[in-house]
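Read the structure below first, then the notes.
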There are 2 protein chains.
Amino acid sequence: MSKSKLISPFKPAAHKHQECLQSAIVAAKTHCDAAGIRLTPIRQRVLELVWQNHEPVKAYDILDKLKQAKSSSAPPTVYRALDFLQDEGLVHKIESLNAYVGCGNPKELHKGQFFICHDCGFVAELDDDEIRDLLQKKAKRFGFEINDEMVEIKGYCQECRGSKK
Amino acid sequence: MSKSKLISPFKPAAHKHQECLQSAIVAAKTHCDAAGIRLTPIRQRVLELVWQNHEPVKAYDILDKLKQAKSSSAPPTVYRALDFLQDEGLVHKIESLNAYVGCGNPKELHKGQFFICHDCGFVAELDDDEIRDLLQKKAKRFGFEINDEMVEIKGYCQECRGSKK
DNA sequence: AAATGTTATGTTATAATATAACGTTTATGC
DNA sequence: GCATAAACGTTATATTATAACATAACATTT
């Protein structure tokens with residue numbers, strides 16, 4: 001079946017973000033338990049920091065915050081945790097920003113399509129087979145076999161557009 | 001009218017690349033003349049280096065080559081030229097690789113969709129309205145106004161797939 | 001619990017990518 | 001020619017990411 005799922009929708013600026021954060025952590029724990037891998041304290045902490053809001057977070061900003069608790073933290077501390085989280089589908093990298101966002105849908109490994117608001121910085125993640133199928137169809141025309149895809153769309157979200165009028 | 005144009009197709013490994021290079025330079029000159037802007041020697045040289053082949057080229061690799069002719073070249077030399085060339089649609093940045101590819105279609109400013117072979121490194125550029133329209137349609141559903149888009153697809157080109165079987 | 005293998009983390013250094021800031025030169029229009 | 005803007009030179013530094021090797025934590029077998 002073809003799916004089109006808004007994994008991380010745009011939300012009112014004042015939504016209850018604690019809930020996003022907590023459900024992401026629960027989902028991550030569940031996923032890691034099921035997969036028999038370890039969500040260590042460092043990894044969980046990095047995941048929490050990525051989920052501080054719905055904006056892409058920079059590796060060195062994460063590092064700064066880690067250092068507040070543990071001054072010995074270094075770049076590899078962060079990048080290793082981010083690598084782990086990406087491998088498990090708990091975090092995505094936004095390539096065009098060199099920044100990272102949480103993913104609330106670790107179960108199926110996927111690469112979503114991202115919509116990023118220039119104004120508020122919010123990122124919405126879509127997991128859409130129609131887009132994927134169309135890219136497949138295009139690729140097929142010249143015999144290309146797809147293995148990985150990055151779709152990052154920038155513009156203005158409804159809320160920010162509204163506030164400008 | 002809706003277009004789907006393969007701006008830079010995949011090509012046999014042994015295609016006559018001199019022709020790609022030369023026609024790109026001619027197109028760039030024509031474009032700059034028409035627009036009343038200057039394709040200075042540095043800019044032209046950087047463009048030639050980007051067009052050395054159909055693989056994305058790194059800024060510092062360009063710099064190394066510039067230095068061979070003029071040892072005073074520095075990072076800003078390269079990045080300024082790349083910025084200019086990107087603004088004019090003569091070069092695209094592949095965000096997921098931090099690398100740059102030439103574009104043979106400067107006339108209409110656009111952001112293409114890129115297909116990148118993991119094996120040979122070749123990049124094909126597609127300029128396809130069907131993809132763009134679909135992304136528009138998806139965005140519209142949640143009131144998102146698109147302003148910039150990045151589509152980078154990785155996998156294996158026909159030639160490389162063939163050679164593996 | 002000792003020995004061992006594996007995974008995760010600590011630590012230092014450095015590579016790779018990109019921009020800031022300011023001065024100088026060069027093109028171009030008047 | 002001269003004023004102006006555009007392009008370039010130069011030095012320094014910011015930002016992003018990885019290499020390399022040591023140590024610690026945990027798991028498994030004995």
Side-chain angles (χ1 to χ4, degrees), chain A residues 28-29 31-33 35-50 55-88 90-101 121 150 152, chain B residues 28-29 31-47 49-50 55-88 90-101 121 150 152:
Chain A
K29 282 180 175 165
H31 167 78
C32 290
D33 276 3
I37 52 181
R38 293 194 290 151
L39 189 64
T40 64
I42 290 177
R43 290 165 176 175
Q44 180 172 334
R45 182 71 185 123
V46 169
L47 184 59
E48 285 165 6
L49 290 169
V50 168
E55 298 172 37
V57 178
K58 300 251 157 193
Y60 275 72
D61 289 344
I62 294 171
L63 179 55
D64 287 344
K65 287 184 180 151
L66 282 187
K67 276 182 172 162
Q68 290 171 10
K70 194 147 186 298
S71 64
S72 71
S73 305
T77 315
V78 173
Y79 283 103
R80 283 168 184 156
L82 287 173
D83 285 349
F84 170 86
L85 295 168
Q86 285 175 88
D87 286 349
E88 297 308 322
L90 296 164
V91 155
H92 294 295
K93 180 176 185 184
I94 306 296
E95 297 287 350
S96 60
L97 297 175
N98 296 318
Y100 304 82
V101 288
M150 268 131 310
E152 300 173 9
Chain B
K29 282 180 174 163
H31 167 78
C32 290
D33 276 5
I37 52 181
R38 294 193 290 150
L39 189 66
T40 64
I42 290 176
R43 289 166 176 174
Q44 180 171 335
R45 181 72 186 121
V46 169
L47 183 60
L49 291 169
V50 168
E55 298 172 37
V57 178
K58 300 253 156 191
Y60 275 71
D61 289 344
I62 294 171
L63 179 55
D64 288 344
K65 287 182 180 152
L66 282 187
K67 276 183 173 163
Q68 290 171 9
K70 195 150 185 292
S71 65
S72 71
S73 305
T77 315
V78 173
Y79 283 103
R80 282 168 184 155
L82 287 173
D83 284 349
F84 170 86
L85 295 169
Q86 285 174 88
D87 286 349
E88 297 308 322
L90 296 164
V91 156
H92 294 295
K93 180 176 185 183
I94 306 296
E95 297 286 353
S96 60
L97 298 175
N98 295 319
Y100 304 82
V101 288
M150 189 213 86
E152 299 175 7

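Values reported hereafter were calculated over all heavy atoms of this structure, with side chains retained and with hydrogens, waters and symmetry mates removed. Just so you know, these numbers come straight off a predicted model, no measurement behind them. Here is how names work: the chains are called A, B, and so on, in the same order as the sequence lines, proteins then strands, and each is numbered from 1.
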Report, one pair per line, the protein and nucleotides 25-30 of chain C atoms (nitrogen or oxygen only) whose separation is under 3.5 Å.
residue: dA27(C); atom: O3'; partner: Arg38(B); partner atom: NH1; Å: 3.3

To the closest 0.5 Å, what do you measure between CG (Asp64(B)) and NZ (Lys58(B))? 12.5 Å

Please enumerate all residues that pass side-chain contact (heavy atoms from CB on, under 4.5 Å) together with Ala59(A), with sequence neighbours excluded. Val78(A), Tyr79(A), Leu82(A), Tyr100(A)

Residues which pass side-chain hydrogen bond (donor to acceptor under 3.5 Å, both in side chains) with Thr77(B), listed by chain and number, not counting sequence neighbours: none

Nucleotide interval of DNA chain D bounded by contacts with chain B (heavy-atom cut-off, under 4.0 Å): dA7(D) to dT11(D)

Do Leu47(B) and Gln44(B) have side-chain heavy atoms sitting under 4.5 Å apart? no

side-chain hydrogen bond (donor to acceptor under 3.5 Å, both in side chains) partners of Ser96(B), counting only residues at least two apart: Glu152(B), Lys154(B)

Taking for each residue the nucleotide of DNA chain C with the nearest heavy atom, is it Ser73(A) or Arg80(B) whose nucleotide lies nearer the 5' end? Ser73(A)

The salt bridge (Lys or Arg N to Asp or Glu O under 4.0 Å) partners of Lys93(A) (sequence neighbours excluded) come to Glu95(A)

Between P on dT7(C) and CD on Glu88(A), what's the gap in Å once rounded to a whole number? 13 Å

Could you pull out all residues at least two apart from Arg45(A) that satisfy side-chain contact (heavy atoms from CB on, under 4.5 Å)? Glu48(A), Leu49(A), Leu66(A)

Axis bend over the full length of the helix from dA1(C)-dT30(D) to dC30(C)-dG1(D), computed from five pairs that close each end, to 10 degrees: 30°

Here the gap from His92(A) atom NE2 to Leu85(A) atom CG, rounded to the nearest 0.5 Å, amounts to 11.5 Å

side-chain contact (heavy atoms from CB on, under 4.5 Å) against Arg38(A), all qualifying residues, sequence neighbours excluded: Thr40(A), Arg43(A)

Candidate pair Val46(A) and Phe84(A), rule side chain to side chain contact (heavy atoms under 4.5 Å, CB included), full reasoning: CA-CA 10 Å; Val46(A) 169; Phe84(A) 170 86; over 6 Å; no

Rounded distance (Å) that lies between atom C1' of dA18(C) and atom CG of Leu97(A): 15 Å

Length of the CD1-P vector between Ile37(A) and dT7(C), whole Å: 12 Å

Distances under 3.5 Å between nitrogen or oxygen atoms of protein and nucleotides 12-16 of chain C:
none

OG/Ser73(A) to CD/Gln68(A) distance, rounded to the nearest 0.5 angstrom? 10.5 Å

Is the phosphate of dT9(C) approached by Tyr79(A) (side-chain N or O, under 4.0 Å from OP1 or OP2)? no

CD1 on Ile42(B) to NZ on Lys70(B), rounded to 0.5 Å: 6.0 Å

Heavy atoms only, 4.0 Å cut-off, all strands: where does Arg43(B) land among base, sugar-phosphate and nothing? sugar-phosphate

Please report the interatomic distance NZ(Lys29(A)) to CG(Leu90(A)), rounded to the nearest 0.5 Å. 12.5 Å

Atom pair distance, as rounded to whole Å: NZ in Lys93(B) and C1' in dT19(C): 12 Å

